[in-house]
There are 2 protein chains.
Amino acid sequence: MNFLHKNKSLILYGISLALILFLMKWLELRLIIINHSFEVYAGFIALIFTGLGIWLALKLTKPKTILVEKEVYPDLSKNFVVNEDELAKLNISKRELEVLELMASGLSNQEIANTLFVSLNTVKTHIAKLFEKLEVKRRTQAVETSKRLKIIP
Amino acid sequence: MNFLHKNKSLILYGISLALILFLMKWLELRLIIINHSFEVYAGFIALIFTGLGIWLALKLTKPKTILVEKEVYPDLSKNFVVNEDELAKLNISKRELEVLELMASGLSNQEIANTLFVSLNTVKTHIAKLFEKLEVKRRTQAVETSKRLKIIP
DNA sequence: TTTTGGCTCATACTTTTGGGCGATTTTAAC
DNA sequence: GTTAAAATCGCCCAAAAGTATGAGCCAAAA
């Protein structure tokens with residue numbers, strides 16, 4: 001099956017060739033071309049097989065592929081995806097991530113505490129743990145690093 | 001001239017055909033193929049003209065092309081350009097911008113002072129002015145805002 | 001030449017942040 | 001049901017950050 005499909009053109013060509021030869025033989029037997037000169041007969045064959053050659057070439061040539069590089073400017077701010085792997089690797093919890101995001105948006109610890117309805121101390125603890133995990137010493141560094149690691153947008 | 005160039009393939013084909021026919025005639029005259037059967041002769045012609053047909057087709061047909069678009073994601077972080085307009089609008093000085101960049105990279109005020117070979121107080125002053133101009137209250141906000149305004153990468 | 005603006009620095013003070021504990025409660029996993 | 005991790009909160013202290021104000025220096029602009 002696969003073989004037949006792959007060599008379809010070749011097989012068709014072979015069949016065509018056989019048919020042509022058969023046709024010529026038949027014509028010869030019928031004495032139709034006896035009166036014609038040999039040149040006409042040769043020209044006929046030449047014509048037929050030229051056509052077959054053209055057809056074969058068109059069928060068998062592989063199309064040429066041209067690679068066009070198209071620049072895509074994705075809206076990074078919209079199709080941001082959290083780097084879950086890095087998040088898991090750093091062992092950052094859900095709550096810590098929340099705090100991190102609020103911190104990155106420029107809120108003070110007190111504002112973060114108000115937003116999350118927790119005490120200031122809790123926020124401090126979360127941030128302290130974040131600093132540990134991110135291996136940084138300041139909140140600006142934390143924001144820098146976590147953005148680089150695609151933990152936050 | 002132009003005509004010759006345009007129909008080069010066609011002319012070559014004509015010449016080739018003439019040459020082949022001439023060759024066959026010569027062979028015929030030389031009685032070389034007299035002893036061969038007609039089928040062999042026909043097969044010879046068929047072979048030659050099939051090749052010619054293939055050659056002709058390859059020469060005359062435009063190459064089949066498949067356009068494949070490849071998406072390229074340019075590194076936006078590298079071709080960053082400072083938004084000079086915004087910078088001018090906010091009236092941020094060169095030195096202030098330096099401080100802003102170092103601040104954004106996560107350095108402490110003391111580290112910034114060491115980097116720029118100025119006193120800590122000077123850095124504080126610059127930062128205070130930056131906060132005014134950017135209309136923010138904290139360094140994280142300053143970084144946030146200035147990145148959004150494309151003042152820093 | 002005067003003035004303006006940028007850069008520098010200082011002092012004093014307040015607020016925020018961060019470090020280092022310890023502790024209880026919730027939640028999730030085993 | 002025990003256990004571990006997460007989340008919560010507190011206190012204290014030191015460091016850093018931020019506020020306010022004043023002032024000297026210098027180069028470029030008016």
Side-chain angles (χ1 to χ4, degrees), chain A residues 82-149 151-152, chain B residues 82-149 151-152:
Chain A
V82 182
N83 188 342
E84 300 285 357
D85 292 340
E86 200 67 41
L87 214 54
K89 198 185 296 172
L90 294 176
N91 198 26
I92 290 175
S93 73
K94 234 180 288 180
R95 199 57 158 175
E96 285 165 356
L97 185 61
E98 279 186 274
V99 173
L100 179 58
E101 282 165 354
L102 293 173
M103 189 172 67
S105 73
L107 298 190
S108 71
N109 289 351
Q110 188 58 62
E111 287 169 335
I112 295 172
N114 295 339
T115 304
L116 298 179
F117 299 105
V118 295
S119 79
L120 174 61
N121 292 310
T122 302
V123 174
K124 283 185 178 184
T125 307
H126 285 313
I127 288 179
K129 293 205 168 196
L130 276 169
F131 288 172
E132 265 185 62
K133 293 171 180 178
L134 290 171
E135 295 177 332
V136 296
K137 300 197 87 61
R138 274 171 292 282
R139 49 174 53 214
T140 42
Q141 277 185 353
V143 174
E144 234 292 278
T145 302
S146 52
K147 282 196 177 189
R148 187 169 46 75
L149 297 178
I151 291 172
I152 54 172
Chain B
V82 181
N83 188 344
E84 301 285 356
D85 293 339
E86 200 66 41
L87 214 55
K89 197 185 294 174
L90 294 175
N91 199 27
I92 291 175
S93 72
K94 233 179 289 179
R95 198 57 158 175
E96 285 164 358
L97 185 61
E98 278 186 275
V99 173
L100 179 59
E101 282 164 353
L102 293 173
M103 189 171 68
S105 75
L107 298 191
S108 70
N109 289 350
Q110 188 58 62
E111 286 169 336
I112 295 172
N114 294 340
T115 304
L116 298 179
F117 299 106
V118 295
S119 79
L120 173 63
N121 292 309
T122 301
V123 174
K124 285 186 177 183
T125 307
H126 285 313
I127 288 178
K129 293 207 168 195
L130 275 169
F131 288 173
E132 266 185 62
K133 293 173 181 176
L134 290 171
E135 295 175 333
V136 296
K137 300 196 86 60
R138 273 172 293 282
R139 49 175 52 216
T140 42
Q141 277 185 353
V143 173
E144 234 293 283
T145 302
S146 51
K147 282 197 176 188
R148 187 169 44 77
L149 297 178
I151 291 171
I152 54 171

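Labels below follow one simple rule: chain letters A, B, ... track the order of the sequence lines, proteins then strands, and each chain is numbered from 1.
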If you look at every strand shown and take non-hydrogen atoms under 4.0 Å, does B/Thr122 touch a base, only sugar-phosphate, or nothing? base
Assuming nearest nucleotide by heavy-atom distance, tell me which of B/His126 and B/Arg138 is located more 5' along DNA chain C. B/His126
To the closest 0.5 Å, what do you measure between OG (B/Ser108) and CD (A/Gln141)? 8.5 Å
Nearest-0.5 Å distance that lies between atom CG in A/Leu100 and atom CZ in A/Arg139: 10.0 Å
Pairwise distance OG1(A/Thr145) to NZ(A/Lys133) - rounded to 0.5 angstrom: 15.0 Å
What is the minimum heavy-atom distance between A/Met103 and A/Ala142, and which atoms define it? CE-CB, 3.7 Å
Return the value, rounded to whole Å, for the distance between atom CD of B/Gln110 and atom P of C/dC9. 12 Å
Atom CG of B/Leu90 and atom P of C/dG6 are separated, to the nearest Å, by 13 Å
Given atom CZ of B/Phe117 and atom P of C/dC7, what is their separation to the nearest angstrom? 18 Å
Is a salt bridge present between A/Arg95 and A/Glu98, judged by a nitrogen-to-oxygen distance below 4.0 Å? yes
At less than 4.0 Å, is any side-chain N or O atom of B/Arg95 found next to OP1 or OP2 of C/dT8? Yes or no. yes
Quick one: do B/Arg138 and A/Glu111 make a salt bridge, cutoff under 4.0 Å? yes
Hey, what do you get for CD (B/Glu101) to OG1 (B/Thr115), rounding to the nearest 0.5 Å? 12.0 Å
On DNA chain D, does the nearest nucleotide to A/Lys129 precede the nearest nucleotide to A/Leu120 from the 5' side, or the other way round? Give the residue. A/Lys129
Interface limits on DNA chain D, where chain A has a heavy atom under 4.0 Å of a nucleotide atom: D/dA6 to D/dA17
Roughly how far apart are A/Leu134 CG and A/Ile151 CD1, rounded to 0.5 Å? 5.5 Å
Tell me what A/Ser108 touches on the nucleic acid: a base, only sugar-phosphate, or nothing, going by heavy atoms under 4.0 Å. sugar-phosphate
Gap between atom CG of B/Asn91 and atom CD of B/Glu132 - 0.5 Å precision: 11.0 Å
Nucleic acid footprint by protein, nucleotides 19-30 of chain C - heavy-atom cut-off 4.0 Å, B for base, S for sugar-phosphate alone: S-----------
